[in-house]
Amino acid sequence: PIAARNWEWRLLDLISHSPARTLNEHVPGIDTEAIATCLAVSSRHRRVFSASRDGTILAWSMPGDRALFNKDPDKQVGLSAPTVLYKDDVAVQAMSVSPDEKWLAWIDREGRVTIWDLKENELAQQIALTRYKAGHTLAFSPDSLQLAVGGGSNATFDRPADERSWLFTLKVDDAGEYSITNQRRWNDRLAITSLKFISNEILISTRGQFQASLGSVGDVERWRCTADRLDYSDLLWRGLSMRGLDFDPHSNRLAWCDDGGMAYIRKADASPGSPPKQFQASRRRALQVRFVPGRQELVVTASDGGVSRWSIPAEVTPSPSKVATAKDISPIDATETGPESEVTGATPANTPADSQSIGAVKPVADSNLVKKTSLASPPSAPSNEQPTIRHIRDYHGHENTVRDAVFLAPCVQQLDKYRPRDASHLASCQPFLITCGEDGRVIRWSNEGHAEIGSLNVNDRSLIDATWVSNKQIAVVTG
């Protein structure tokens, strides 16, 4: 309890945390202890957004690159004080900024989709999916013309939560309004837990249960998504309950995580039967994965408050590989798609029935190394040894489940626009990590690579108090 926290508690809290700043400590009229569920960033509009289980959307303004990423700590300028963008009474589950940065969209537990106009800074549209409760995820296509939303079901007297599922696609018209174009629902398949477009016509989804006990089965699936069709393509992976999907277009890699604390990385154009690289990122349930902009690194969040960062070098590719396009994916029977179709009592038409079928590969024994042989290589050529995934650092600060993570890295995205002397003031363009969790905190972490402090020596005097005064200095008061 806060009332019982004396200087000893604050000292232990100090020495076990990474340098960081809580962004939402003081927001007038807002419960800052409400569970923070998700984050989003708009680089063009210089804004950061967070959502909470009490229905509050907060917004921060970002300074320019010169101030935010300045090498001189004394010249660095952080985010502004938060303001309330929108207030409701329904828990927000996921949010996303469209790639063209016109829209901020979020979905709540009641299955309602809200579209916010970022340019005009006003509510643009609300779409109520009244029959589909427990909205979990949403994602924009790269051209921002399509929005995919998915979720599960609330618990009933005879059925646990998320044992039913649904998936919708919406398309924007010339007037700037999104309308439903395709919808699918399943009465016997687990919830859609995350979505990610890897092209304008290819959508990836994960399945699982958010509140299930360990052992719930989940899938990673690929879909062909156009304006008038939503076709199941193939199963990419099957294991424990899956979630936390992300895609890095520069390396053409997907990443996701599961209930067992495992993180998975896979080439987006790999064949369905190809196993992903995998590694144990946490001893507890993993919630989210994010590729670090401009780096071959991955951040994983977990249910024990842990946030870890990993080096994930790209695989050695002996010959060029073809990037997947919609033409490479075979659509299923047209009877299973359209404005309103239902699938009940069966898996999709070409989904493998058992876990030993193609695409449902068992986890490999060695989670760090994957060997790959090129068919174009001579018979005597040795297989290519793949680089090892390596742990970089942990971020200590959240007290329990970390729900989401984003990066502030506009200078990395625009690095080619800078001449060397123009970028000399920037702090190596290292992105700042922001996380949010069930302790209600939205935290911006230092990017200086400092993990933790082991001990503090203050001679033999009595220690009264201690606190951070900068990312590099600690002030202590002795008796």
Side-chain angles (χ1 to χ4, degrees), residues 31 34-38 50-57 86-96 105-115 126-139 147-170 180 182-195 205-221 230 240-245 256-259 285-288 303 340-348 400-404 436-438 440:
D31 180 11
I35 293 174
T37 56
C38 50
S50 76
S52 302
R53 186 165 287 181
D54 65 356
T56 302
I57 308 293
Y86 187 80
K87 185 74 172 72
D88 206 340
D89 56 0
V90 181
V92 177
Q93 292 296 98
M95 69 191 322
S96 179
W106 62 85
I107 187 169
D108 61 34
R109 284 289 298 176
E110 297 299 319
R112 181 179 54 184
V113 178
T114 300
I115 310 291
Q126 284 190 319
I127 305 166
L129 311 177
T130 55
R131 294 176 56 191
Y132 302 92
K133 306 296 183 181
H136 289 326
T137 182
L138 78 174
L147 177 64
V149 296
S153 58
N154 294 325
T156 63
F157 177 76
D158 60 345
R159 192 186 275 265
D162 289 339
E163 287 202 348
R164 297 180 180 182
S165 56
W166 51 273
L167 175 62
F168 282 38
T169 59
L170 301 89
I180 298 172
N182 298 287
Q183 53 183 289
R184 302 283 294 273
R185 58 185 183 270
W186 300 265
N187 287 331
D188 61 349
R189 300 201 67 203
L190 296 183
I192 300 288
T193 54
S194 56
L195 293 166
S205 67
T206 62
R207 289 184 182 271
Q209 290 175 285
F210 277 101
Q211 301 175 355
S213 58
L214 187 64
S216 175
V217 176
D219 296 331
V220 181
E221 300 169 324
L230 178 60
L240 295 178
S241 184
M242 307 285 182
R243 61 179 63 84
L245 192 63
W256 66 89
C257 54
D258 70 13
D259 270 358
R285 179 177 298 174
L287 272 294
Q288 185 60 274
S303 61
E340 186 170 0
S341 59
E342 181 170 0
V343 181
T344 306
T347 55
N400 46 31
T401 301
V402 184
R403 296 288 296 268
D404 201 3
C436 69
E438 294 188 1

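With rounding to the nearest 0.5 angstrom, the OG1 atom of Thr37 is 11.0 Å from the CZ atom of Arg109. Distance check, rounded to the nearest 0.5 Å: CG of Leu195 to OG1 of Thr169 gives 10.5 Å. The distance from the CE atom of Met242 to the CG atom of Leu190 is 11.5 Å, given to the nearest 0.5 Å. Cys257 SG to Arg285 CZ: the interatomic distance, rounded to the nearest 0.5 Å, is 11.0 Å. The line from CD1 of Ile57 to SG of Cys38 is 6.5 Å long, rounded to the nearest 0.5 Å. For the atom pair CD of Gln288 and CG of Leu245, the computed distance is 8.5 Å after rounding to the nearest 0.5 Å.
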side-chain contact (heavy atoms from CB on, under 4.5 Å) assessment of His136 paired with Ile192:
CA-CA 7 Å; His136 289 326; Ile192 300 288; over 6 Å; no
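In this structure, the side chain of Trp106 does not engage the main chain of Val113 through any donor-acceptor pair within 3.5 Å.
Closest approach of Gly135 and Gln93 over heavy atoms only: O-CG, 3.0 Å. Taking every heavy atom of both residues into account, Leu287 and Val402 meet most closely at CB-O, 3.5 Å. Between Ile115 and Ala105, the shortest heavy-atom contact is CD1-CB, 3.7 Å. The minimum heavy-atom distance between Arg403 and Ile35, with the atom names listed, is NH1-CG2, 4.0 Å.
Two residues are said to be in side-chain contact when any heavy atoms from C-beta on lie closer than 4.5 Å; Leu230 and Phe168 fail this criterion. Considering only heavy atoms from C-beta on, Gln209 stays 4.5 Å or farther from Thr193 through its side chain. Put simply, the side chain of Thr114 does not reach to within 4.5 Å of the side chain of Asp88, judged on heavy atoms. Thr206 is not listed as a side-chain neighbour of Thr137, based on a closest heavy-atom distance of 4.5 Å or more. At least one side-chain heavy atom of Leu129 sits under 4.5 Å from a side-chain heavy atom of Ile180.
Ser165 pairs with exactly one of Arg185, Arg184, Arg189, Arg207 by the side chain to side chain donor-acceptor pair (under 3.5 Å) rule, that one being Arg207. Only one option out of Asp162, Asp258, Asp259 pairs with Arg243 in a salt bridge (charged side-chain N to carboxylate O under 4.0 Å, His left out); it is Asp259.
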